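Residue numbers start from 1 in every chain, and the chains themselves are labelled A, B, ... in the order their sequence lines are given, proteins ahead of strands. Nothing here was measured: the structure is a model prediction, and the numbers come from that model.
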Amino acid sequence: MRMTRMFGKTLRQDPAEAETASHRLFLKAGFIHQIASGVYAYLPIALRTIHKIEQIIREEMEAAGAQELKMPSLQPLELWDQTNRATAFGPNLMRLKDRRDREMVIAPTHEEVVTLLARLSVQSYRDLPMNVFQIQTKFRDEPRPRAGLIRVREFDMKDAYSFDADEEALDLTYRRMLTAYQNIYRRCGLPFMTVEADSGAIGGKDSHEFILPTESGEDLILFCTNGDYAANVERAASRRGEVPKEEPLALEEVHTLGVRTIQELADFLSVPAQKTLKAVFYVSGGEMVFVTLRGDLEVNEVKLNNLLHGENLHIATDEEVKRAGLVAGSASPVGLKGVKIVADTSINEGGNFVAGANREDYHLRNANPGRDFEPDLVADIAQAAAGQGCPTCDGILDSTKGIEVGHIFKLGTFFSETLGAHFLDQEGQQKPLIMGCYGIGVGRLMAAAIEQSHDDAGMIWAAPIAPYQVHLVALNADNPEVALQAEALYKDMRDAGLEVLFDDRPETAGVKFNDADLLGLPIRVVISPRTIKASEVELKLRSGGEAIKVPQGEALEQVKALLAD
RNA sequence: CGGGGCGUAGCGCAGCGGCAGCGCGCCUGGUUUGGGACCAGGAGGUCGGCGGUUCAAAUCCGCCCGCCCCGACCA
């Protein structure tokens with residue numbers, strides 16, 4: 001591609017609206033243009049990378065036995081009412097009416113439709129396993145799109161959907177897809193982590209996310225430094241510091257004037273935070289829930305919500321707390337009546353806790369579960385944190401931020417049962433198809449790759465997904481010798497199958513070098529009066545190192561050799 | 001939805017009652033030529049929209065729309 005002919009220009013100044021690196025660089029380099037909040041046009045150079053990612057995905061999906069199909073973006077709302085997901089998605093589901101006043105949606109994902117298709121296509125265990133995928137535009141009316149392509153409303157997603165006869169078969173499919181996903185990121189040239197993930201309300205027991213570690217990521221990952229465990233904080237378990245079990249002592253009320261927080265309480269009574277009980281009030285499904293856990297830990301709301309199977313879990317408002325007769329700052333499970341008590345397993349380690357007295361400015365010493373109060377539910381509802389112990393070995397957990405660029409689930413039979421997608425097994429029994437789903441946000445993957453790999457000057461593309469492999473820069477392009485040699489090398493490289501962006505613009509050296517750094521193609525090739533005089537060509541890797549000079553006749557072979565590394 | 005900020009030329013911004021400006025980019029001519037060159041000439045605007053105040057509104061007031069950031073939210 002000649003830059004004089006390319007649709008989409010680079011900017012000299014940073015766009016004001018972008019803060020995140022990938023957003024700023026994509027706008028500056030002419031990759032994308034925003035049309036509405038969370039809605040972008042993808043200009044030709046960006047689309048090249050999108051296509052490369054898609055091609056890798058297609059190949060790996062097909063290698064894993066999935067077949068590509070296409071499904072409608074516009075769907076009847078009725079279909080979403082059948083699975084109750086119109087409610088579950090809420091305002092994120094984009095609704096509209098057609099000319100006959102029929103209520104439609106723009107699909108945020110395609111489980112409903114694919115299940116209908118499977119109902120038609122799969123009737124016997126002989127048809128199983130079956131696996132299909134799509135790469136299509138989906139729409140979610142996100143409350144707050146942000147960071148350019150990282151969180152958008154309209155986005156292209158690869159989704160695969162699998163159908164199996166039983167759990168064992170699903171396990172096989174799931175593992176094959178997990179491997180395919182790892183192949184995809186590896187082939188894209190991106191460092192990634194495979195982590196255990198929360199499977200959401202409908203998901204089955206297994207779920208993994210694929211994370212590109214980067215500081216600007218929205219997700220927090222906990223991983224064992226021994227390398228055998230990694231999980232999203234939403235899901236992560238951990239071993240907390242050992243606390244010896246104590247003989248219960250007599251309950252004792254103490255005056256704690258003005259003490260409100262756990263830290264103040266621990267300081268005031270000169271006890272460590274893990275000898276206190278923290279109290280947090282939630283409302284789940286309209287019901288007040290009293291949550292208690294050791295004072296040094298934090299509530300994991302995802303775990304709590306899963307435990308309560310609830311809808312609309314939120315921290316209770318002051319109003320709701322007051323109405324339930326609770327005393328914020330001195331609340332206690334001891335003597336509490338008429339409110340569901342949910343405790344974290346940490347309350348069973350140690351004992352003789354300091355708890356609230358349900359009375360302003362008073363606390364209780366030596367509160368013990370079982371003797372002084374009885375939780376309705378005890379489960380792991382605490383947030384894991386760096387420094388705590390790995391749940392599967394004796395290692396220590398560390399944490400990193402990252403961007404979720406893929407998520408795979410075992411869905412089970414929710415959709416097949418709800419929409420009547422059954423098959424006959426070997427005994428002639430009718431059974432629901434067992435489903436899995438496997439998603440990758442393509443645009444987000446492109447953006448995450450740049451979040452992870454850029455410097456002050458611009459992007460640094462991994463070769464497999466770079467828009468072009470070679471950036472051919474002709475300095476003094478109007479110099480006939482430069483033009484002649486640059487044109488010849490441009491042709492030779494393309495004939496050799498290389499993808500070349502040819503900067504044939506009549507710009508000065510500074511402009512061209514800066515644009516080359518901005519676009520970040522793997523190899524920069526320079527031809528100038530200076531290189532011609534020396535019968536050389538200059539090569540430089542965007543990823544680092546000094547420029548090297550090679551004899552004119554060897555330029556093509558050297559470029560190919562560098563790309564092969 | 002709560003809090004904060006911003007809408008003026010393609011991009012970045014100034015102007016804040018009295019002729020719509022600057023830098024970059026763009027066009028023409030010339031000089032330059034290895035890290036965002038220089039000179040000269042030029043094109044480009046419903047100042048987000050609607051209404052109000054005023055002799056006069058980009059500027060003051062009201063309503064609306066859009067966009068960004070933080071939070072809530074997030075298969």
Nearest-angstrom distance from the residue atom CG of Asp503(A) to C1' of rG34(B): 13 Å
Centroid-centroid distance, Tyr42(A) to Phe31(A), less than 6.0 Å: no
Distance, P atom - from rU59(B) to rG18(B), rounded to whole angstrom: 11 Å
N/O donor-acceptor pair, side chain Ser528(A) with base rG34(B), under 3.5 angstrom: yes
CA sep, side-chain torsions, deciding dist, call: Gln452(A), Thr214(A), side-chain hydrogen bond (donor to acceptor under 3.5 Å, both in side chains): CA-CA 6 Å; Gln452(A) 201 179 46; Thr214(A) 168; over 6 Å; no
Sugar-phosphate, base or nothing in reach of Ala147(A), heavy atoms under 4.0 Å: sugar-phosphate
C1' spacing across the pair rU8(B) / rG23(B), given as an integer number of angstrom: 15 Å
Pair assignment for rU33(B), Watson-Crick or G-U wobble, requiring both distances under 3.5 Å: none
Nearest-angstrom distance from the residue atom CD of Glu234(A) to P of rC73(B): 11 Å
Positions of residues 509-523 of chain A (non-hydrogen atom under 4.0 Å from RNA chain B), listed by number: Ala509(A), Gly510(A), Val511(A), Phe513(A), Asn514(A), Asp515(A), Asp517(A)
Aromatic ring pairing Phe89(A)/Trp80(A), orientation class (parallel under 30°, perpendicular over 60°, tilted between): perpendicular
rC73(B) and rA20(B), which share atom name C1', separated by this distance in whole Å: 43 Å
Sugar-phosphate, base or nothing in reach of Ala36(A), heavy atoms under 4.0 Å: sugar-phosphate
Distance test, side-chain N/O of Arg144(A) to OP1/OP2 of rC70(B), below 4.0 Å: yes
Sub-6.0 Å ring centroid separation between His208(A) and Tyr181(A): no
Donor on one side chain, acceptor on other, Glu209(A) and Ser207(A), under 3.5 Å: no
Identity of whatever pairs with rG10(B) - Watson-Crick or G-U, under 3.5 angstrom: rC24(B)
Touch class at under 4.0 angstrom, heavy-atom based, for Arg524(A) against every strand present: base
Between rC11(B) and rC68(B) - P atom distance, rounded Å: 15 Å
Separation of the P atoms in rG41(B) and rU46(B), to the nearest angstrom: 26 Å
Heavy-atom pair with the smallest gap, counting every atom of Leu297(A) and Ala382(A): CD1-CB, 4.1 Å
Spacing between Asp14(A) atom CG and rC68(B) atom P, to the nearest angstrom: 17 Å
Nearest-angstrom distance from the residue atom CD of Glu507(A) to P of rU32(B): 18 Å
Under 4.0 angstrom between Ser37(A) side-chain N/O and rG66(B) OP1 or OP2: no
Protein-nucleotide distance (Glu17(A), atom CD; rC67(B), atom C1'), rounded to Å: 7 Å
Rounded distance (nearest 0.5 Å) linking atom CD1 of Ile150(A) with atom CD of Glu404(A): 11.5 Å
Watson-Crick or G-U wobble mate for rG71(B), both contacts under 3.5 Å: rC1(B)
Distance in angstrom units between Ile527(A) CD1 and rU33(B) C1', rounded: 17 Å
Any-strand Watson-Crick or G-U partner of rA56(B), both distances under 3.5 Å: none
rG44(B): pairing nucleotide in any strand, Watson-Crick or G-U under 3.5 angstrom: none
Parallel, tilted or perpendicular: rings of Phe409(A) and His407(A) (30°, 60°): parallel
rG21(B) and rU53(B), which share atom name C1', separated by this distance in whole Å: 27 Å
Positive for side chain to side chain contact (heavy atoms under 4.5 Å, CB included) with Phe210(A), one of Leu190(A), Ile403(A), Ile408(A): Ile408(A)
Which residue lies more 5' along RNA chain B, comparing Arg151(A) with His33(A) via nearest heavy atoms: His33(A)
Nearest-nucleotide pick for Phe89(A), side chain only, options being rA75(B), rA72(B), rG25(B): rA75(B)
Touch class at under 4.0 angstrom, heavy-atom based, for Thr10(A) against every strand present: nothing
Any strand: nucleotide that pairs with rC50(B) via Watson-Crick or wobble, under 3.5 Å: rG62(B)
side-chain N/O Thr508(A) vs rA37(B) OP1/OP2, d < 4.0 Å: yes
C1' atoms of rG10(B) and rG44(B), separation to the nearest Å: 9 Å
Of Pro145(A) and Asn476(A), the one whose closest RNA chain B nucleotide lies more 5': Asn476(A)
Under-4.0 Å side-chain N/O to phosphate OP1/OP2 contact, Gln13(A) with rG10(B): no
Between rA75(B) (P) and Glu218(A) (CD): distance, integer Å: 12 Å
Within 6.0 angstrom of Glu78(A) CD, more than 12 heavy atoms from elsewhere: no
His23(A) NE2 to rC11(B) P, straight-line distance once rounded to whole Å: 13 Å
C1' spacing across the pair rA40(B) / rU32(B), given as an integer number of angstrom: 15 Å
